[in-house]
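Accompanying notes for the structure given below.
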Amino acid sequence: MTGFDDDKTVPDQPAPTNPALDAITPETAVMPERPPYAVEVKELRKTFGTREVLKGINLQIEKGSVAVVLGGSGMGKSVLMKHMIGLLKPTSGSVLIDGEDITKLGPLELKRVRSKFGMVFQQAALFDSMTNYDNVAFPLREHRKDMSVAQIDERVRYLMNLFSLDPDILGPRFPSEISGGQRKRVGLARAVALEPTIVLYDEPTTGLDPITTDQVDEMILQAKQSLGITSIVISHDIASAFKIADQILFVFEGEIVVRGSKEDCLASEHPFVKQFFATWTAKNA
Amino acid sequence: MTDAPAPAPKPDGQPPDKAPDKPGIGRRLYLMIAALGEPVIKGIVEMGDIVLFTGRVLFWLPRRPFRWSETLRHVRDIGFGSLFIVVLTGFFTGLVFGLQTLVGFKRFGAEAMVGPATLISLAREMGPVLTALMVAGRSGSGMATELGTMRVTEQIDALSTMAVEPIQYLVVPRVVAATLMLPMLASIYTGCGFLGSYLMTVVREGVDPGVFMYETWNILDPPDFYEGYIKAAFFGAQVALISCYKGFNTSGGARGVGEAATAAVVMSSVSVLVGTYVITELLQPLLQGYIYFNALPK
Ligand SMILES: Nc1ncnc2c1ncn2[C@@H]1O[C@H](COP(=O)(O)OP(=O)(O)OP(=O)(O)O)[C@@H](O)[C@H]1O
Ligand SMILES: [Mg+2]
């Protein structure tokens with residue numbers, strides 16, 4: 001580090017439009033540094049063998065916002081999400097969580113950062129040796145030593161009811177004994193059990209009926225409004241994406257080709273994005 | 001793959017003018033060495049990976065929380081679950097071992113020495129090694145299958161996202177349980193084997209029971225048993241570490257899980273048989289020293 005580098009206070013990345021921040025002129029600004037993003041990804045590259053799956057991803061997600069990741073199948077959405085929580089190590093680039101680069105953390109620090117997160121897996125990833133009840137109770141039993149058995153029971157029942165799962169009927173069953181959509185909902189309940197500040201959803205509503213899908217969307221918005229929770233959602237459901245998203249990230253072959261609002265997406269000139277939304281509009285006409 | 005166009009066949013179906021190049025002798029030698037070298041390099045890389053994996057296990061071992069209930073579950077699985085096959089195989093090993101030793105020792109009139117001979121080899125070698133092989137077949141494959149399934153269904157990733165360290169939650173309890181249980185199982189194996197050899201030589205072949213027991217008592221030293229305990233503990237750790245490593249690094253669905261289980265059993269069995277030689281060599285000076293110091297006049 002030379003002294004010259006330290007003088008550089010202007011960030012390299014152009015900050016996304018935020019009226020509250022834009023109103024601050026250089027003269028009126030008291031704090032020279034903006035608060036860190038909940039998630040910031042810089043020049044992220046990931047290669048599996050010889051196949052480059054992520055090709056230089058840049059994104060910023062504000063605290064307390066909802067970002068929806070859209071894109072075709074196999075384009076690298078799930079891989080991108082797994083980098084955000086440190087499940088995969090990038091080939092190059094960095095991932096900042098609340099301003100802290102998690103790609104350089106040791107196992108103990110990474111564990112600390114992960115306690116901010118909840119994640120819903122595309123295939124639910126329930127512990128199949130535990131009952132559904134124990135799956136939901138697991139994060140509470142691990143991290144909330146202050147809670148009594150009765151308190152945990154109350155919370156598990158509340159969470160299962162929240163996702164329309166009957167704790168008395170489905171609770172004692174094992175994940176192999178319930179339907180795919182029910183598994184997904186158990187996964188949702190487990191992911192939000194600890195009220196994490198950042199929740200990653202990998203296709204939370206794929207395979208759910210429209211009513212439950214709507215409930216999940218509502219829950220994501222509710223969590224944002226009442227608790228200020230940051231949500232990152234991978235979805236193939238464009239209607240619900242438009243409904244909940246503050247920011248849409250469109251991934252195409254390992255690159256983010258559109259970043260912005262619903263209008264930005266619909267106005268995009270990228271051939272794949274165009275076709276993606278044209279197909280959808282045609283279907284919904 | 002279109003940068004080097006293949007020589008076009010002639011229209012009449014004749015092969016192209018130039019026959020494809022036959023690799024020269026140097027090239028063929030190179031290919032041969034490469035073919036031989038690849039598995040060697042892979043093996044060395046994998047050994048390095050297992051050492052790193054062991055390092056991670058040791059890193060998480062002393063950290064809280066210690067998983068008592070998980071560890072007890074595996075103590076039960078490995079210890080109690082293997083008890084029956086250990087008793088059974090131990091007993092039959094003792095029977096046949098007593099019989100064969102008797103056949104040999106009779107030739108130079110040393111029937112009285114069958115007791116100590118069988119007990120020394122059971123306590124020092126056969127007990128730990130054969131018990132470890134039993135546990136590798138029974139629990140090792142189970143560990144690799146369970147962890148492998150958890151890996152391919154992303155349950156291990158799910159643990160990580162919940163800020164629960166998978167190594168600490170899944171691997172440490174298994175390694176601790178196996179390390180504690182194997183010396184006990186090996187002792188049971190040895191005991192059953194000795195009983196078998198006693199039944200064979202004394203009850204069936206009529207060797208004098210007093211002589212049999214006296215010689216055994218007279219000739220055996222405590223270090224014979226210590227060596228067995230130490231070995232068994234090492235084998236337990238070895239089998240659990242290798243099996244967990246294989247499970248942890250599974251990829252590719254049901255077939256991957258099956259391959260991991262097979263590889264876990266093969267690798268841990270081989271490592272036990274190689275490891276027993278290495279540990280024996282390393283332990284000899286220590287245990288000899290122990291005997292020497294105990295024999296010093298007070
Ligand atoms: N562990 C891995 N090893 C090798 N390749 C992988 C691995 N994980 C993902 N890939 C590859 O990376 C690409 C992106 O995968 P990813 O799971 O991110 O797709 P996706 O965008 O989530 O698709 P979908 O919408 O179908 O879930 C795929 O082509 C996949 O083959
Ligand atoms: Mg995916």
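A, B, ... follow the sequence lines: proteins, then strands. Residue 1 opens every chain.
Rounding to the nearest 0.5 Å gives a distance of 6.0 Å between CE of B:Met150 and CZ of A:Phe127. The structure places CG of A:Asn135 at 7.5 Å from CE of B:Met162, a figure rounded to the nearest 0.5 Å. For the atom pair B:Thr149 OG1 and A:Asp128 CG, the distance stands at 7.5 Å (nearest 0.5 Å). The CD atom of B:Glu154 sits 7.0 Å away from atom CD of A:Gln123, with the distance rounded to the nearest 0.5 Å.
With a 4.5 angstrom heavy-atom cutoff, B:Arg63 touches chain A only via side-chain atoms. Proximity to chain A (any heavy atom under 4.5 Å) is shown, for B:Leu159, by both the backbone and the side chain.
Residue-environment remark: CZ (B:Phe53) exceeds the threshold of 12 foreign heavy atoms within 6.0 Å. With a 6.0 Å radius and a threshold of 12 heavy atoms from other residues, nucleotides or ligands, B:Arg73 has its CZ atom above the threshold. Heavy-atom neighbours of A:Glu100 CD from other residues, nucleotides or ligands within 6.0 Å: above the threshold of 12.
By number of non-hydrogen pairs under 4.5 angstrom with chain B, the leading residue of A:Ile85, A:Val120, A:Leu108 is A:Leu108. Ranked by heavy-atom pairs shorter than 4.5 Å toward chain A, the options B:Ile167, B:Val164, B:Ile156, B:Thr153 are led by B:Val164. Residue with the most contacts toward chain B among A:Gln122, A:Lys82, A:Arg112, A:Arg114: A:Arg114 (heavy-atom pairs, distance under 4.5 Å).
Shown here for A:Pro107 and B:Trp60, the closest heavy-atom pair between the two residues is CB-CZ2, 3.7 Å.
In terms of modelled atom types and a separation under 3.5 Å, the side chain of B:Glu165 and the main chain of A:Lys111 share no donor-acceptor contact.
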